[in-house]
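These notes are about the structure you will find just below.
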Amino acid sequence: METKYWHLTNHQEADEDKIIEAVQLLKQGEVVAFPTETVYGLGADATNAIAVEKIFKAKGRPQDNPLIAHVATKEQLSQLVTEIPKYVERLIEAFSPGPITYVLPSNGICAKNVTAGLSTVAVRIPEHPVANRLLQISGLPIAAPSANTSGKPSPTTALHVKEDLTGKIAGIIDGGATGVGMESTVVDCTQDYPVILRPGGITKEQLEQVVDKVLIDPAIRNGTSKELPKSPGMKYKHYSPEVPLLLVEGDVQAIQDQINEDKMQTKKVGVLASSRTAEQLQADEIIALGNNMAEIATNLYAALRKFKQDEVDIIICEVFPDEGIGAAVMNRLRKAADSMITKNE
Ligand code: AMP
Ligand code: MG
C-alpha cells in the first residue's frame, strides 16, 4: 500500500487542507498516523470495526489489548460512556485536554475490537493542536494506539512512524516531535476512587491535588508478579530496543563498574543516563537524556531507537527515582529491560 506523507508547515491554510485529506481517508475506513502531545498515534474510526482491525494488523498488536478512543471534547467523551462519576468531572476539568485517559463503562458506540470485548472503554481528549483539529474536523471518536510496531519503543517523531509502518498504513501526518514523550496516564474510573492502571504524562502527585485518594494497580509495581493487570496491555514486553537492555541501580561508580565488566567480555557498551551522570561515564556510545525527569521522558524512546545492533552489544541504563514523571519512565524501562541489577547495597 502507498503511504501518503503530509508534512505540516505551520501555515494554517495549507495544513488544514492536509488534515482534511487525512480525515477523508479516516472516513473511508483507512488508518492514519498523527502527532499527539504524548507520542504519535495510529488512528482509525473507532465506530468501524473493519477500520480498527487494520490498526491491529499494521502494528502486529495482540487482539486482547484494547485501544484508547480519542475525542475532541467532553461532550463527545460523554457520548461513548454510560456515566461519568463526579470525580471524573473534576479530573476532566483539571487535566483534559491532556495526557490522561479515563476508563469508563462503555455504551457500545465504540466497536468491540476497540475495547477488546471489555465492558469498559478508555477515552482521552488530546491537547496537541493537530490531533485536536483532526478530531474536530472528523467529528469521530478515533481509536489510536502508539504508531509503532508492537513491542518496539513508541514513536516520538514522524520518522519513527515511517521506519515501522511505511507501506502498511494509508498516511502519516508529520507535525514535528511530540512533547511529553511518554504515553498518557490510564486511570480506571469505574470504582469509588481513581486507580492508575498505567503511569504516564499526568503524575499521581498531580491527580492527588484534585481528588482525595488515588490508588495504583498493584500489577504496575510488580511487573513480573502473578497479579493479572486490569489494563491488558501492561502484561506484554514493550518498548524494546534492538539490543539487550540492562538497568543498573547505583551511583556513578557502580554504573561505570558494570560498563567495565561488560567491556571485559569484549562487548561494545551503549549507555543511557541523565546528562549529569552521562558526563562522568566512559563507554563506547553514551546518550545523555537530559537535565531533569521531564527532559528524560521526552527523549527516552528516541534514544532507545538510536542504539543499533551493529553498533553496540548491550545498553546499560541508569535507574531513575520512581516518582512524578519518573514513575512513567521507570515503568517503561522495566518493561523494555531484559534485567535489572542493584549495586552498592
Ligand atoms: P496504547 O494504545 O499502546 O497507548 O495502550 C493503551 C493502554 O490502555 C493499554 O495498556 C491498554 O491495556 C489500556 N486500555 C485500553 N482500554 C482499556 C480498558 N477498557 N480497560 C483497561 N485498560 C485499557
Ligand atoms: Mg503503545
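In listed order, ligands and their atoms are each counted from 1. Values in this document were obtained by computation on a predicted structure and should not be read as measured data. The figures here come from the full heavy-atom set of this structure, side chains too, leaving out hydrogens, waters and symmetry mates.
- Judged purely by atom type and a 3.5 angstrom limit, Glu242 has no side-chain atom pairing as donor or acceptor with the backbone of Lys308.
- For ligand 1, the atoms sitting less than 4.0 Å from at least one non-hydrogen atom of Arg198 are 1 (P), 4 (O), 5 (O), 6 (C), 7 (C), numbered in the order shown with element in parentheses.
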Considering only distance and modelled atom types, tabulate donor-acceptor pairs under 3.5 Å from the side chains of residues 169-179, sequence neighbours left out.
unit_1: Asp174; atom_1: OD1; unit_2: Gly176; atom_2: N; d: 3.0
unit_1: Asp174; atom_1: OD2; unit_2: Tyr5; atom_2: OH; d: 2.8
unit_1: Asp174; atom_1: OD2; unit_2: His7; atom_2: ND1; d: 3.3
unit_1: Thr178; atom_1: OG1; unit_2: Thr38; atom_2: O; d: 3.2

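- For Asp64 (side chain) and Ala116 (main-chain N/O), no donor-acceptor pair under 3.5 Å exists by modelled atom type.
- By the criterion of a heavy-atom distance under 4.0 Å, the side chain of Arg61, and not its backbone, is placed next to ligand 1.
- At distances below 3.5 Å, not a single donor-acceptor pair connects side-chain atoms of Lys18 with backbone N or O atoms of Thr9.
- Taking all heavy atoms of Ala122, Ala143, Cys110 into account, the minimum distance to atom 16 (N) of ligand 1 is reached by Ala122.
- Between Tyr239 and Tyr301, the ring center distance clears the sub-6.0 Å criterion.
- For the salt bridge (charged side-chain N to carboxylate O under 4.0 Å, His left out) test, residues two or more places apart in sequence or in another chain that qualify with Glu89 are Lys74.
- Applying the salt bridge (Lys or Arg N to Asp or Glu O under 4.0 Å) test to residues at least two apart or on different chains, the pairs with a partner in residues 110-130 are Glu37-Arg124.
- Contacts between Val103 and ligand 1, counted as non-hydrogen atom pairs separated by less than 4.0 Å, involve the side chain only.
- Contacts between Thr115 and ligand 1 below 4.0 angstrom, taking non-hydrogen atoms only, are absent altogether.
- The Leu118 neighbourhood of ligand 1 comprises atoms 18 (C), 19 (N), 20 (N), with distances under 4.0 Å to a heavy atom of that residue.
- Remark: side-chain polar atoms of Asp45 are not paired, donor with acceptor, to backbone N or O of Leu26 under 3.5 angstrom.
- Residue-ligand proximity, Thr120 to ligand 1, at heavy-atom distances under 4.0 Å covers atoms 18 (C), 19 (N), 20 (N).
- With Gln206 contributing its side chain and Ile202 its backbone, the two residues share no donor-acceptor pair below 3.5 Å.
- Within the protein, the number of N/O/S atoms found under 2.8 Å from the Mg ion (ligand 2) is 1.
- Distances below 4.0 Å separate heavy atoms of Pro145 from the following atoms of ligand 1: 2 (O).
- Of all the heavy atoms of Ile68, the ones lying under 4.0 Å from any atom of ligand 1 belong exclusively to the side chain.
- Between Asn65 and ligand 1, a contact under 3.5 Å exists for at least one N or O pair.
- Without hydrogens or angle criteria, Gln256 side chain to Gln282 main chain gives a donor-acceptor distance under 3.5 Å.
- In terms of modelled atom types and a separation under 3.5 Å, the side chain of Arg276 and the main chain of Asn292 share no donor-acceptor contact.
- Listed by atom number, the atoms of ligand 1 under 4.0 Å from Leu197 heavy atoms are 21 (C), 22 (N).
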